**Student:** 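Input: one structure, supplied below.
All values reported here derive from a predicted model rather than from experimental measurement. Lettering of chains follows the sequences in order, A, B, ..., and the numbering in each one begins at 1.
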Number of protein chains: 2
Amino acid sequence: MPAPGRPRGFDRDAALRSALRLFWERGYEAVSISELTEAMGIGARSLYTAFGCKEELFREAVELYGCTPGLGTATERALETAPSARAAIEAMLRDNAEIYADPESPRGCMVVLSATNVSADNESVRLFLEQRRRAVGESVRARLAAAEGEIPACADLDALADYAMTVLFGLSVQAKDGASVAGLHKVIDAAMLGWDGMIRACA
Amino acid sequence: MPAPGRPRGFDRDAALRSALRLFWERGYEAVSISELTEAMGIGARSLYTAFGCKEELFREAVELYGCTPGLGTATERALETAPSARAAIEAMLRDNAEIYADPESPRGCMVVLSATNVSADNESVRLFLEQRRRAVGESVRARLAAAEGEIPACADLDALADYAMTVLFGLSVQAKDGASVAGLHKVIDAAMLGWDGMIRACA
DNA sequence: GTAATTCTGCAACGGTCACTGCACAATGGA
DNA sequence: TCCATTGTGCAGTGACCGTTGCAGAATTAC
């Protein structure tokens with residue numbers, strides 16, 4: 001039983017995916033409504049009817065990014081399935097590196113890069129992504145805290161988590177600048193030696 | 001003997017510093033000409049007479065950032081004055097961290113953050129900063145290559161340099177998100193253990 | 001003084017921005 | 001068939017974008 005009224009003439013999910021890709025590639029403010037309507041294959045009026053306004057569309061696109069397998073879910077999945085804290089951090093970095101440098105997709109992480117600088121009017125958008133970055137950091141911290149026995153009691157969990165996030169953020173910039181998947185993995189090799197060093201230095 | 005014609009009615013250097021601060025804080029596209037003229041205390045016509053156009057003004061601001069002691073010179077200075085490759089990398093990270101989280105200045109690195117996403121028309125601006133980031137990476141690489149004997153011959157200098165740059169980039173994002181100086185230093189503690197691990201793993 | 005040169009304030013330029021009012025189209029239910 | 005509801009195309013809204021033409025102001029050289 002569809003809702004009453006004229007049915008929507010386009011695939012809302014597909015249109016949202018097109019918007020996601022555009023926002024991911026060039027950022028929130030740098031993408032105009034007319035570019036969006038062209039990429040989504042709809043008129044401006046339909047965009048507003050379906051998604052409300054540009055900011056709401058962006059937020060929905062970020063949500064979709066976050067819950068799409070192979071994109072934003074990589075971090076969560078790595079943290080949940082890896083058998084140890086160390087393996088979780090490494091999997092998080094490596095799986096994301098593959099996504100960041102995938103030639104089929106925009107480069108780097110949408111959450112890190114798509115609203116780093118905005119005009120005063122759109123500060124709320126920047127804060128929205130900042131909060132999502134913070135939430136990822138919290139997840140990492142929680143995963144470390146749950147690693148009973150594996151990490152020496154004297155270790156600074158906050159510093160470990162911040163270190164992992166810093167490397168993750170840096171990988172996005174490197175990928176945007178054209179780094180290869182192999183190059184990113186070499187960086188992660190070094191980063192994991194940093195992890196081991198921190199654990200060893202404390203024990 | 002000043003040049004003929006009506007003399008400029010404002011301090012060009014001071015105006016450029018105001019523009020630098022604004023671009024640093026919010027990025028190239030997110031800052032409008034009217035915001036610039038207000039901050040610089042001049043009319044739009046004077047801005048164009050003195051600086052050419054918005055993009056040229058931005059490039060000059062980035063140059064100024066790069067050659068101002070306590071800002072963009074920190075990296076170069078650290079690489080030149082530190083007594084060892086390891087000390088050079090550590091000084092580069094720590095000195096920049098102090099700048100990135102300085103409460104008196106915009107947060108993070110202007111070169112990393114002020115043009116990460118731009119509209120299609122201004123891609124040249126993004127590429128300009130990308131090239132500057134690349135140049136810094138080259139400087140780091142060169143410093144490591146010059147560290148005769150200190151680094152084992154089997155070490156991957158490219159990976160070491162890319163690792164240092166990745167951490168440096170990540171620190172900018174962390175600072176923009178509000179990280180404290182102390183927090184950044186803890187991250188660098190970890191990062192330097194990564195450095196030591198890479199050296200040790202190879203030797 | 002006059003000419004040449006440069007800078008500045010004013011008032012606009014065409015273009016694009018995000019967004020919307022309105023008439024009409026397309027559906028479901030009575 | 002007629003109504004209620006919702007989506008869509010068209011044509012615009014006012015605001016702001018980066019930029020500029022022009023007249024006049026301020027200086028040096030003569």
**Student:** A:E63: which residues meet the side chain to side chain contact (heavy atoms under 4.5 Å, CB included) condition with it, sequence neighbours left out?
**Tutor:**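 Counting only residues at least two positions away or on another chain, A:E63 forms a side chain to side chain contact (heavy atoms under 4.5 Å, CB included) with A:F128, A:R132.
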**Student:** Taking atom CD as the centre, does B:Q131 end up with more than 12 heavy-atom neighbours from other residues, nucleotides or ligands that are less than 6.0 angstrom away?
**Tutor:**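 Open: at most 12 neighbouring heavy atoms sit under 6.0 Å from CD of B:Q131.
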**Student:** Please write out each protein N/O paired with an N/O of nucleotides 22-25 of chain D under 3.5 Å, distance rounded to 0.1 Å.
**Tutor:**
{"unit_1": "D:dA25", "atom_1": "N3", "unit_2": "B:R6", "atom_2": "NH1", "d": "3.4"}

**Student:** Heavy-atom contacts under 4.0 Å between residues 53-60 of chain A and DNA chain C, which residues?
**Tutor:**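 Only A:C53, A:K54 qualify.
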**Student:** Figure out the CG/P separation between A:L47 and C:dA18, and round it to whole Å.
**Tutor:**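 Those two atoms, CG and P, are 10 Å apart.
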**Student:** Please determine whether the number of non-hydrogen atoms from other residues, nucleotides or ligands lying under 6.0 Å from atom CD of B:E38 exceeds 12.
**Tutor:**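 Counting other residues, nucleotides and ligands, CD of B:E38 stays at 12 neighbours or fewer.
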**Student:** Within the pair A:Y48 and C:dT20, is there a side-chain N or O less than 4.0 Å away from OP1 or OP2?
**Tutor:**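 For A:Y48, the contact criterion (side-chain N or O under 4.0 Å from OP1 or OP2 of C:dT20) is not met.
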**Student:** Using the ring pair (Phe, Tyr, Trp, His ring centres under 6.0 Å) rule, collect all pairs that involve residues 180-199 of chain B, keeping only residues at least two apart or in two chains.
**Tutor:**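 Pairs touching residues 180-199 of chain B that pass the test: none.
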**Student:** Rounded to whole Å, please give me the gap between CG in A:D121 and P in C:dA18.
**Tutor:**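 For the pair A:D121 CG and C:dA18 P, the rounded distance is 12 Å.
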**Student:** Considering residues, nucleotides and ligands other than B:R21, do more than 12 of their heavy atoms fall under 6.0 Å from its CZ?
**Tutor:**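 Yes, the 6.0 Å shell around CZ holds more than 12 heavy atoms from other groups.
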**Student:** Pick the nucleotide of DNA chain D nearest each of A:A50 and A:G5; which residue has the one closer to the 5' end?
**Tutor:**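 Final value for this comparison: A:G5.
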**Student:** Answer yes or no: are there more than 12 heavy-atom neighbours, outside A:E76 itself, under 6.0 Å from its atom CD?
**Tutor:**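 It does not: A:E76 CD has 12 such atoms or fewer within range.
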**Student:** Whole angstrom is fine here: how far is it from CZ in A:F51 over to P in D:dG7?
**Tutor:**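 Checked: the CZ to P distance equals 12 Å.
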**Student:** Can you see if the side chain of B:S46 gets near the phosphate of C:dC7 - specifically, an N or O under 4.0 Å from OP1 or OP2?
**Tutor:**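 No, because none of the side-chain N or O atoms of B:S46 sits under 4.0 Å from OP1 or OP2 of C:dC7.
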**Student:** Provide, to the nearest angstrom, the distance between the CZ atom belonging to A:R8 and the C1' atom belonging to C:dG28.
**Tutor:**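 Result: 16 Å.
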**Student:** By the ring pair (Phe, Tyr, Trp, His ring centres under 6.0 Å) test, which pairs, at least two apart or in different chains, include something from residues 63-121 of chain B?
**Tutor:**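 For residues 63-121 of chain B, and leaving out neighbouring residues, the ring pair (Phe, Tyr, Trp, His ring centres under 6.0 Å) pairs sorted by first residue read B:W24-B:Y65.
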**Student:** Taking OP1 and OP2 of D:dG7, is either one under 4.0 Å from a side-chain nitrogen or oxygen of A:T49?
**Tutor:**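 No, outside the criterion.
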**Student:** Specify the residue among A:G52 and B:P7 whose closest nucleotide of DNA chain C lies further upstream toward the 5′ end.
**Tutor:**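 The 5'-side residue here is B:P7.
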**Student:** May I ask you to establish whether B:K186 and A:Y163 are in a cation-pi arrangement, using a distance under 6.0 Å from NZ or CZ to the six-membered ring centre and at most 45° from the ring axis?
**Tutor:**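 Checked: cation-pi criterion not met.
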**Student:** Output the residues of residues 15-41 of chain B in contact with DNA chain C, where contact means a heavy atom of the residue under 4.0 Å from an atom of the strand; sort by number or write none.
**Tutor:**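 Nucleic-acid contacts, sorted: none.
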**Student:** To the nearest Å, give me how far apart CG (B:N122) and P (C:dT16) are.
**Tutor:**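 The answer, rounded to whole Å, is 14 Å.
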**Student:** Does a side chain donor of either A:E29 or A:N122 reach within less than 3.5 Å of an acceptor in the other side chain?
**Tutor:**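 A pair is found: one side chain offers a donor N or O, the other an acceptor, under 3.5 Å apart.
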**Student:** Assess B:R45 against B:Y48: is NZ or CZ under 6.0 Å from the centre of the six-membered ring, and within 45 degrees of the ring's axis?
**Tutor:**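 No - B:R45 does not lie over the ring of B:Y48 by the 6.0 Å and 45° rule.
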**Student:** Might you confirm whether atom CZ of A:R77 has over 12 heavy atoms from other residues, nucleotides or ligands at distances under 6.0 Å?
**Tutor:**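 Atom CZ in A:R77 is not packed in, count stays at 12 or less.
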**Student:** In whole angstrom, give the distance that lies between atom CZ of A:F10 and atom C1' of D:dG9.
**Tutor:**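 Atom-to-atom, A:F10 to D:dG9, this comes out as 14 Å.
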